[in-house]
Amino acid sequence: MRVSFVVNGREESADDVWEGESLLYVLRERLGLPGSKNACEQGECGSCTVYLDGVPVCACLVAAGQVEGRRVRTVEGLAEGDRLDPVQEAFVECGAVQCGFCTPGLIVQAHDLLERRPHPSDAEIREALAGNLCRCTGYEKILDAVRLAASRKEAR
């Protein structure tokens with residue numbers, strides 16, 4: 001089957017998509033967008049989090065056919081040209097990136113949080129990121145990055 005949808009503001013389509021193919025597979029393997037990571041394939045780790053019609057979802061749990069005519073925004077789509085989103089910048093500056101496997105999902109989830117709650121408390125940050133697992137950082141640098149991004153978004 002052919003699937004057509006908007007990805008990061010551009011019309012895209014993928015041909016010969018198998019019924020059980022995930023959105024994650026289509027993004028990574030067919031459209032060349034490797035930002036979202038394939039870790040658990042069960043929606044448990046959050047590494048593949050993307051926006052689907054403005055709502056964060058685990059791309060590994062979305063069948064490719066479900067995105068027909070819809071809008072997807074990946075971690076690559078948060079940047080504007082060569083300019084990183086404040087959340088992306090903050091993750092780099094705070095050293096919240098180690099192996100990088102969880103980073104794209106955490107960035108998308110943190111971005112969503114800051115769109116909804118520009119001044120989140122630490123408890124709100126922890127709750128928003130609870131579905132994203134990281135095995136390297138210990139989360140403190142991730143929390144620092146979200147706090148920094150919040151302060152920068154406020155200044156813009």
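Since the model is a prediction, treat every value here as computed from it, not as a measurement.
- Hydrophobic clustering (ILVMFWY, side-chain heavy atoms < 4.5 Å, transitive): Leu143 and Leu113 are in one cluster.
- In plain terms, the two heavy atoms of Ser22 and Cys60 that are nearest each other are CB-O, 3.7 Å.
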List, one per line, each side-chain donor-acceptor pair under 3.5 Å for residues 36-48, sequence neighbours excluded.
| unit_1 | atom_1 | unit_2 | atom_2 | d |
| --- | --- | --- | --- | --- |
| Lys37 | NZ | Pro34 | O | 3.0 |
| Asn38 | ND2 | Glu41 | OE2 | 2.9 |

Could you go step by step and tell me if Val92 and Glu89 meet the side chain to side chain contact (heavy atoms under 4.5 Å, CB included) rule? CA-CA 5 Å; Val92 172; Glu89 288 176 345; 6.0 Å; no
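- Hydrophobic side-chain contacts under 4.5 Å tie Val3 into a cluster, directly or through other members, with Met1, Phe5, Val7, Val17, Leu23, Val26, Leu27, Leu31, Leu33, Val50, Leu52, Val57, Val62, Val67, Val72.
- Between Leu61 and Gln66, the shortest heavy-atom contact is O-OE1, 4.3 Å.
- Within the structure, salt bridge (Lys or Arg N to Asp or Glu O under 4.0 Å) pairs that include any residue of residues 52-72 comprise Asp53-Arg70 (at least two apart or interchain).
- Through direct or indirect side-chain contacts shorter than 4.5 Å among Ile, Leu, Val, Met, Phe, Trp and Tyr, Trp18 is connected to no other residue.
- Distance check: Cys136 SG to Lys141 NZ gives 11.5 Å after rounding to the nearest 0.5 Å.
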May I have the step-by-step check of salt bridge (Lys or Arg N to Asp or Glu O under 4.0 Å) for Arg30 and Glu21, ending in yes or no? CA-CA 11 Å; Arg30 293 181 179 271; Glu21 224 168 276; 2.5 Å; yes
For Leu84 and Phe91, run side chain to side chain contact (heavy atoms under 4.5 Å, CB included): C-alpha distance rounded to whole Å, both residues' side-chain angles, the deciding distance at 0.1 Å, then the answer. CA-CA 11 Å; Leu84 295 177; Phe91 267 67; over 6 Å; no
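- Atom CG of Asn132 and atom CD1 of Ile142 lie 8.5 Å apart (nearest 0.5 Å).
- You'll find the side chain of Asp144 stays beyond 4.5 Å of the side chain of Tyr139, heavy atoms only.
- Identified under the salt bridge (Lys or Arg N to Asp or Glu O under 4.0 Å) test for residues 117-136, with sequence neighbours left out: Arg117-Glu124, Asp122-Arg147, Arg126-Glu140.
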Table please: side-chain donor-acceptor pairs of residues 93-109 below 3.5 Å, with sequence neighbours left out.
| unit_1 | atom_1 | unit_2 | atom_2 | d |
| --- | --- | --- | --- | --- |
| Glu93 | OE1 | Arg152 | NH2 | 2.8 |
| Glu93 | OE2 | Arg152 | NH1 | 2.7 |
| Glu93 | OE2 | Arg152 | NH2 | 3.0 |

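- Note on Val75 and Leu148: separate hydrophobic clusters, where clusters join Ile, Leu, Val, Met, Phe, Trp and Tyr whose side-chain heavy atoms are under 4.5 Å apart, directly or indirectly.
- The number of heavy atoms from other shown groups lying within 6.0 Å of CZ (Arg116) is above 12.
- Across all non-hydrogen atoms, the minimal contact from Gly54 to Asp112 is O-OD1, 4.3 Å.
- Put simply, CD on Glu12 and OG on Ser4 are 9.5 Å apart, with the number rounded to the nearest 0.5 Å.
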Can Leu114 and Val87 be said to form a side chain to side chain contact (heavy atoms under 4.5 Å, CB included), step by step? CA-CA 9 Å; Leu114 296 178; Val87 176; 3.8 Å; yes
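- Annotation for Leu129 and Val146: closest pair CD1-CG2, 4.1 Å, computed over non-hydrogen atoms.
- A donor-acceptor contact shorter than 3.5 Å links the side chain of Asn8 to the backbone of Thr74.
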